[in-house]
Student: 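Shown below is the structure under consideration.
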Number of protein chains: 2
Amino acid sequence: MLNETAVAVLEQTGAAEPEKRIRDRGATERAILKAAKNLLAEEGFQNFGINAVARRAGCDKQLIYRYYGGLDGLVEAIGADLGNWVKDRIPEDTGGMFLLTYGDLMERLSLLFLEALREDPLMRRIVAWEVSENTEQVKRLSEARSKALGQWLDRMRGSLTPPKGVDVAAVNALIFASIQHLVLAAAAGGQCAGLLLKNGKDWEKAATALKRLVRGVYG
Amino acid sequence: MLNETAVAVLEQTGAAEPEKRIRDRGATERAILKAAKNLLAEEGFQNFGINAVARRAGCDKQLIYRYYGGLDGLVEAIGADLGNWVKDRIPEDTGGMFLLTYGDLMERLSLLFLEALREDPLMRRIVAWEVSENTEQVKRLSEARSKALGQWLDRMRGSLTPPKGVDVAAVNALIFASIQHLVLAAAAGGQCAGLLLKNGKDWEKAATALKRLVRGVYG
DNA sequence: CCGGTCTGTCACCAATCGGTGAGTAACAGT
DNA sequence: ACTGTTACTCACCGATTGGTGACAGACCGG
C-alpha cells in the first residue's frame with residue numbers, strides 16, 4: 001500500500017508509472033503501523049513477519065527497521081496503541097439499568113466484554129498469541145493488553161465494592177477466561193466444547209448461560 | 001533419535017561411528033510418531049514441521065512422506081493416538097465420595113479436567129493450536145480431541161441426569177472454556193487475567209473458585 | 001549553488017522451509 | 001548366488017524468511 005496521498009495522485013493521473021511515493025516519514029510510519037495491525041488481525045500471528053508487514057504497507061522492510069527498530073519495536077507500538085482500546089469501549093450510560101449490586105455490575109461487564117471481544121479481531125489474535133507463545137514480544141503485548149483491560153474494569157466498576165468471603169480475583173479470572181476461550185474457539189472453529197456458535201441464536205444461548213454463571217456466584 | 005535398538009548398540013559399543021540404524025519399519029514409524037508428539041508438546045505448533053520432526057526422529061523426512069503421507073497424515077496419527085487419552089484418565093473409583101447430584105458430578109469433573117490438562121503439555125498445545133488456526137490439519141485434530149473429551153465425559157457421567165431448566169450444554173461449555181483458558185494462560189505466562197498461577201497455593205485458590213462457580217449454577 | 005541529511009529503494013546474504021527423484025544397502029524368496 | 005523388494009539416505013529444487021549494506025533522489029541550510 002502506498003501513502004494515502006500517493007494513492008490519490010495515482011488515481012488522479014491514472015498513471016501506470018510508479019509515480020514516486022511522497023516523502024513523508026510520519027505518514028509512512030502510520031501506514032506501517034496500520035498495516036501491521038490489519039495483518040495481525042486478519043492473518044493471525046502465524047504469518048506475522050517483517051516481510052509480510054512491509055509487503056502490506058507497500059514499503060521496503062528497511063523502513064521498519066529504521067522507524068521501529070524491527071518487528072519487536074513494531075509490536076511494542078501495537079501494544080502502546082492498545083491503550084486506546086479503553087476509551088473506545090466505554091459506554092456513557094449504564095444501558096438504562098441501575099447497577100445496585102456487584103452481581104449487576106459483573107453481569108453487565110461480562111456481556112460487554114463478550115460483545116467487545118467478538119467484534120475485535122485484533123484483540124482476539126493477541127489473546128490467541130498470548131496462550132501460544134512466550135517470547136518477549138508476546139510478553140510485552142500481553143502486558144499492554146492486561147493493563148488496558150484493567151483500566152477498563154476500573155472505569156466501569158465505579159464505586160461498587162465486591163462482596164466479602166469470595167475470592168473475587170480468582171472468580172473473575174475464571175469468568176473472563178471462559179469468555180475469552182469461548183470467543184476464540186468460536187472465531188477459530190465456530191464452536192466451543194461441542195457447543196455451536198455461529199448465528200445470533202447460538203450466541204444468545206451463550207449469553208444467558210454466562211449470565212447464569214455470573215449470577216450463580218454473585219447472586 | 002535413532003531406533004531404540006540402534007541406540008542400545010551405540011551405547012554398548014561406544015562407537016562414534018554412525019553404526020547403521022536397524023531396518024525395522026515398525027520401530028521407525030513409532031519413533032517418528034513419538035518424535036512428533038514430543039516436538040509438538042515441547043516446542044508448540046509454531047516450529048512443528050516436516051524437517052523438525054525428521055530431525056528429532058533421527059531419520060530422513062522422506063520416511064515421513066512414505067509412512068504417513070506427509071505432515072497431514074502424521075497429525076492425523078497423533079489425533080488417532082489421542083483416543084488413548086480417555087482410558088488413561090479414567091479413575092476406577094469416585095475418589096471415595098458419592099456423586100449424588102449433578103452438581104457433585106460437575107464439580108468433580110471440572111477439577112479432574114483442570115488437573116489433567118495441567119499435566120498434559122501435548123493436549124495444551126493442541127488446544128492452543130485450535131484457537132489459533134483453522135486449517136484442515138487443526139480441524140481434524142480438534143475433532144479427535146473433542147471426541148475423546150466427549151467419550152471421557154460420557155464414561156464419567158454414569159447414569160446421572162442433568163437438571164431441567166438449565167442449558168447444560170452452554171453452561172458446561174463455558175465451564176470447560178474457563179478451565180482451558182486458565183490452564184493455557186498459566187502455562188504460557190504464569191498468570192491469567194492478572195491472577196498469578198505459579199505455585200500450588202495459587203492453583204488451590206483457582207480450584208476453590210472453580211468449585212464455587214460450578215456450585216453456583218448447579219447447586 | 002553546493003554539501004549534508006533524510007526518505008526510500010534495491011540487491012544481496014545465509015538459513016530454512018516443504019517437497020521430490022535418484023540412488024544405496026539390507027533383507028527375503030527361489 | 002542371483003533377483004526383486006523393502007528400508008533408508010542423500011542431494012537437490014524453488015520459495016521464503018530475517019537481516020544488512022550500498023545507492024539514488026528529495027529536501028534544507030549554508
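Protein chains get the first letters and strands the later ones, always in sequence-line order, with residue 1 at the start of each. The figures here come from the full heavy-atom set of this structure, side chains too, leaving out hydrogens, waters and symmetry mates.
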Student: With N134(A), which residues qualify under side-chain contact (heavy atoms from CB on, under 4.5 Å), at least two apart?
Tutor: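 Checked N134(A) against side-chain contact (heavy atoms from CB on, under 4.5 Å); matches are K139(A).
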Student: Holding to side-chain hydrogen bond (donor to acceptor under 3.5 Å, both in side chains), I want the full list of residues that pass it with R155(A), two or more places apart in sequence or in another chain.
Tutor: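 R155(A): no side-chain hydrogen bond (donor to acceptor under 3.5 Å, both in side chains) contacts found.
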Student: E133(A): what forms a salt bridge (Lys or Arg N to Asp or Glu O under 4.0 Å) with it, not counting sequence neighbours?
Tutor: none
Student: Could you pull out the protein-nucleic contacts involving nucleotides 3-6 of chain C (nitrogen or oxygen on both sides, under 3.5 Å)?
Tutor:
from, atom 1, to, atom 2, distance (Å)
dC6(C), O2, R23(A), NH2, 2.6

Student: Enumerate all atom pairs, one protein N or O and one N or O from nucleotides 20-22 of chain C, separated by less than 3.5 Å.
Tutor:
from, atom 1, to, atom 2, distance (Å)
dG21(C), O6, Q62(B), OE1, 3.1

Student: May I ask you to say whether R25(B) pairs ionically with E29(B), meaning some side-chain N is under 4.0 Å from a carboxylate O?
Tutor: yes
Student: Could you list the residues that satisfy ring-ring contact (aromatic ring centres under 6.0 Å, His included) with Y218(B), not counting sequence neighbours?
Tutor: Y102(B)
Student: Strictly by ring-ring contact (aromatic ring centres under 6.0 Å, His included), give each pair with a member in residues 131-150 of chain B just once, sequence neighbours left out.
Tutor: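 Sorted pair list comes back empty.
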Student: Tell me, please, which residues at least two apart from N51(A) pass side-chain hydrogen bond (donor to acceptor under 3.5 Å, both in side chains).
Tutor: K61(A)
Student: Measure from CD1 on I64(A) to C1' on dG8(C) and round the result to the nearest Å.
Tutor: 13 Å
Student: Tell me, please, which residues at least two apart from W85(A) pass side-chain hydrogen bond (donor to acceptor under 3.5 Å, both in side chains).
Tutor: D120(A)
Student: Whole angstroms only, please: what is the OH-P distance between Y68(B) and dG19(C)?
Tutor: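 It works out to 17 Å between those atoms.
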Student: Report the relative orientation of the aromatic rings in F113(B) and F176(B); use parallel for angles under 30°, tilted for 30 to 60°, perpendicular for over 60°.
Tutor: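 Answer is tilted, since the angle falls between 30° and 60°.
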Student: Under the salt bridge (Lys or Arg N to Asp or Glu O under 4.0 Å) definition, can you give me all pairs with a residue in residues 62-77 of chain B, not counting sequence neighbours?
Tutor: E76(B)-R140(B)
Student: Tell me, which of residues 45-53 of chain A have any heavy atom that sits under 4.0 Å from an atom in DNA chain C?
Tutor: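 Those residues whose heavy atoms fall under 4.0 Å from DNA chain C, taken from residues 45-53 of chain A, amount to none.
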Student: Please, which pairs that meet side chain to side chain donor-acceptor pair (under 3.5 Å) have at least one residue in residues 201-210 of chain B, sequence neighbours excluded?
Tutor: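 Residue pairs passing side chain to side chain donor-acceptor pair (under 3.5 Å), neighbours aside: none found.
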Student: So, does T28(B) get its side chain near the phosphate of dC8(D), meaning an N or O under 4.0 Å from OP1 or OP2?
Tutor: yes
Student: Expressed in angstrom and rounded to an integer, what is the separation of L39(A) atom CG from dT17(D) atom P?
Tutor: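 After rounding, the reported distance stands at 11 Å.
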Student: Just how far, in rounded Å, is C1' of dG18(C) from CG of L63(B)?
Tutor: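 From L63(B) CG to dG18(C) C1': 16 Å.
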